[in-house]
Q: 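First the structure, which I've put down as structure tokens, then a few questions once you've had a look.
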Number of protein chains: 2
Amino acid sequence: MCPLHTFSSVARSHNFAASAVSRRHQFLIRSLGGVRGSASSRRMAAGVTNLSSLGLEADAGSILKRITPPLDSGLHKGQAGKIAVIGGCREYTGAPYFAAISALKIGADLSHVFCTKDAAPVIKSYSPELIVHPVLEESYSIREDEKASVSSLVVAEVKKWMERFDCLVVGPGLGRDAFLMDCISEIMRHARQSNIPIVVDGDGLFLVTNNLGLIAGYSLAVLTPNVNEYKRLVEKVLGRNADDQDAAEQLLSLSRSVGGATILRKGNADLISDGETVSVVSAFGSPRRCGGQGDILSGSVAVFSSWARQQISEHSERLNFSSSNPMVLGCIAGSALLRKAASLAFAENKRATLTTDIIESLGASLEEICPAK
Amino acid sequence: MCPLHTFSSVARSHNFAASAVSRRHQFLIRSLGGVRGSASSRRMAAGVTNLSSLGLEADAGSILKRITPPLDSGLHKGQAGKIAVIGGCREYTGAPYFAAISALKIGADLSHVFCTKDAAPVIKSYSPELIVHPVLEESYSIREDEKASVSSLVVAEVKKWMERFDCLVVGPGLGRDAFLMDCISEIMRHARQSNIPIVVDGDGLFLVTNNLGLIAGYSLAVLTPNVNEYKRLVEKVLGRNADDQDAAEQLLSLSRSVGGATILRKGNADLISDGETVSVVSAFGSPRRCGGQGDILSGSVAVFSSWARQQISEHSERLNFSSSNPMVLGCIAGSALLRKAASLAFAENKRATLTTDIIESLGASLEEICPAK
């Protein structure tokens with residue numbers, strides 16, 4: 001376990017555009033080495049930036065443990081979390097399933113999926129545990145003159161459930177149909193009005209990158225871009241190329257430029273920033289890069305950030321977290337858990353490791369980090 | 001194992017409204033601690049009401065064992081039970097599957113599902129063991145002028161199978177479509193005319209709470225409300241709030257007010273009453289509250305109450321049960337089995353425990369409580 005190195009404090013500011021001039025590249029690096037020792041953590045982190053020279057901290061497990069609510073027989077259904085994934089279309093059905101089932105496996109009580117009518121029977125068939133709503137529509141299935149009325153219906157169908165959810169995951173397997181994108185934009189606006197946290201991944205990031213207003217200034221939004229999605233986001237927001245040498249500073253700057261939405265930059269080491277702090281999770285996971293791992297992450301972040309939000313609202317006086325932002329804490333915990341599960345799955349399945357194997361390892365990973373009793 | 005404490009005898013009366021004035025809050029508490037010792041049973045029960053001061057009895061396992069018929073090579077298909085689940089719509093497919101497969105796993109020979117046309121292929125895909133009838137319709141799929149004829153067809157389709165079933169489970173994943181609700185009302189009336197027992201859960205409880213006549217005075221009906229469903233039922237029937245302090249008395253009163261239908265109030269401890277006795281099952285299950293556990297329970301109660309009915313009709317002279325009501329005995333056994341299975345599943349899967357894991361533990365749980373040989 002490495003000590004925390006604070007390079008400078010970061011002034012809390014929501015006027016990020018205005019603060020650009022005076023910004024002194026202040027940031028706080030917290031590296032969370034997890035189950036692996038500091039040497040390997042350093043090697044991993046060094047792949048992204050010069051983080052090894054900035055210090056590391058291995059407290060992701062501790063954060064995960066502290067935001068996870070104790071199992072209590074007195075609770076009833078729903079109190080441990082209700083998550084909704086908005087995604088799944090004619091082409092993609094695996095991604096929303098991975099995100100939704102991961103949320104359940106981590107400990108949420110109810111996991112819903114809102115997808116297109118074509119995708120629903122398939123996603124349902126993957127697991128009877130999910131509640132799958134066949135409500136979204138793509139352009140190919142509707143006439144031009146129906147678009148306005150169908151859009152209203154789609155948005156109303158999702159909206160009537162909205163208040164029940166602790167967090168939305170927008171994007172896994174969503175596709176990029178223009179009509180569908182417009183509906184999702186409207187759904188995101190409603191979620192924001194209702195203060196429902198939103199984790200944006202996959203095609204949701206395509207939407208958001210082209211409509212930054214959807215998440216700008218919304219502190220309950222999390223973006224989880226991979227390498228290419230991050231490149232596009234940086235180009236769009238900062239007007240420059242993604243930088244590996246000063247990755248932490250650039251991420252801090254990016255998050256500030258979108259008004260404090262939390263960004264989890266996925267990579268060899270995961271970097272997380274809400275414009276105030278930068279955290280790193282660099283525990284070794286798995287060298288397999290099979291598709292779908294990002295969906296596990298988005299489902300996990302949804303659950304953990306919901307729990308963090310609840311813990312902070314109920315017990316803020318004794319939590320003493322490194323960040324007071326539940327979305328950041330949720331990202332740290334989600335990243336740490338995925339890496340742990342990937343490492344367990346890889347140890348067992350080696351080159352044949354698939355995303356389903358990693359999902360099967362979520363329980364054992366949680367039990368190692370945060371035992372049920 | 002704790003001795004049975006009888007606080008007062010309960011006069012048998014079917015004129016529950018009239019008996020309200022003279023009722024002296026008489027009730028009999030039977031607590032069925034099951035696999036856990038009396039101390040923990042007391043703690044569990046105390047979470048719901050002051051049951052710990054009223055005495056406990058741990059004979060749920062014994063009841064389950066005595067109502068379960070011996071496995072006999074001389075029997076033929078169907079004699080160990082034929083169950084039908086009425087539920088499953090465009091949105092919900094997991095719930096009817098959970099109820100129907102649980103009935104089979106416990107020992108029923110045949111398990112049918114009557115669901116909407118959309119839901120059928122998905123439910124069929126979960127398991128080839130089930131017989132799934134795509135016969136129900138929702139408003140969106142029919143025109144206004146077709147409603148009367150479609151309703152007649154739907155009811156006729158279910159009715160022609162009705163006499164074959166030992167018990168119906170009405171409600172898992174049924175949805176609340178107004179047209180469908182009307183059809184289900186009609187189906188319940190037919191079941192009642194044919195003396196087919198009915199276990200009502202989920203959206204079936206929504207229907208029944210708004211149409212109390214469907215189950216009022218029907219001694220072969222069981223309602224299995226969770227916390228919120230119970231609240232709505234108490235408010236509708238008794239015109240007051242659900243009471244945790246005098247939970248047993250309130251439940252007794254509620255059951256009397258609906259003419260002796262059995263009510264299983266699900267919670268930290270399950271309370272069961274038919275207006276004559278109150279029983280408690282408080283063995284520790286699992287602290288996970290993932291959706292779908294109630295469906296296992298409704299399927300289990302259907303099987304066990306059918307068996308209890310058969311045992312009572314064939315061997316009443318030597319059974320000496322604490323209640324002579326097979327629906328109460330079925331509830332006690334179903335509750336005890338679910339708790340046992342949940343505890344086994346949780347011991348293995350910890351925080352990642354899902355309803356499917358609990359279903360997989362039904363066999364081992366039965367074998368512990370009531371070995372096949």
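Letters go in sequence order (proteins before strands), and every chain restarts at 1.
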Q: Can you see which heavy atom on A:L75 is nearest to which on B:R289, and at what distance?
A: O-NE, 2.9 Å
Q: Can you tell me how far OG of B:S286 sits from CG of A:L71, rounded to the nearest 0.5 angstrom?
A: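 If I round to the nearest 0.5 Å, the distance is 7.5 Å.
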Q: Highest number of heavy-atom pairs under 4.5 Å with chain A: which of B:L354, B:I123, B:V227, B:N228?
A: B:L354
Q: Quick one: does any side-chain atom of B:Y126 pair with a main-chain N or O of A:K124 as donor and acceptor, under 3.5 Å?
A: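 Answer holds: yes.
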Q: Which heavy atom of B:R351 sits nearest a heavy atom of A:C370, and at what distance?
A: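 The answer is NE-O, 3.3 Å.
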Q: Measuring from atom CG of B:N349 to atom NZ of A:K105, what distance do you get when rounded to the nearest 0.5 angstrom?
A: 6.5 Å
Q: Is it the side chain or the backbone of A:S127 that comes within 4.5 Å of chain B heavy atoms, both, or neither?
A: backbone
Q: List the atom of B:V122, the atom of A:S125, and the distance in Å for their closest heavy-atom pair.
A: CG1-N, 4.1 Å
Q: Indicate the atoms forming the closest heavy-atom contact of B:A352 with A:G363, along with that distance.
A: CB-CA, 3.4 Å
Q: By a 4.5 Å heavy-atom criterion (distance strictly below it), what part of B:Y97 contacts chain A: side chain, backbone, both, or neither?
A: side chain
Q: If you look at every heavy atom in A:A372 and B:F346, which pair is closest and at what distance?
A: CB-CZ, 3.7 Å
Q: Heavy-atom cut-off 4.5 Å, strictly under: side chain, backbone, both or neither for A:E129 against chain B?
A: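 Both the backbone and the side chain of A:E129 come within 4.5 Å of chain B.
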Q: Kindly compute the distance separating OG1 (B:T93) from CD1 (A:I131), expressed to the nearest 0.5 Å.
A: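 Those atoms lie 9.5 Å apart.
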Q: Give a yes or no on this: more than 12 heavy atoms of other residues, nucleotides or ligands lie within 6.0 Å of atom CD of A:E348.
A: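 No - once you tally the heavy atoms of other residues, nucleotides and ligands closer than 6.0 Å, there are 12 at most.
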Q: Check each atom of A:A364 against the heavy atoms of chain B and say whether the ones under 4.5 Å are side chain, backbone, both or neither.
A: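 Looking at A:A364, nothing touches chain B.
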Q: Who in residues 77-88 of chain A is close to chain B, using a strict under-4.5 Å heavy-atom cut-off?
A: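 Listed by number, the contacting residues are A:K77, A:G78.
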Q: I need the minimum non-hydrogen distance between B:R288 and A:L104, along with the two atoms involved.
A: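 Looking at all heavy atoms of both residues, the shortest contact is NH2-O, 2.9 Å.
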Q: At a heavy-atom separation under 4.5 Å, does A:I101 approach chain B through its side chain, its backbone, both, or neither?
A: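 Interface part for A:I101: side chain.
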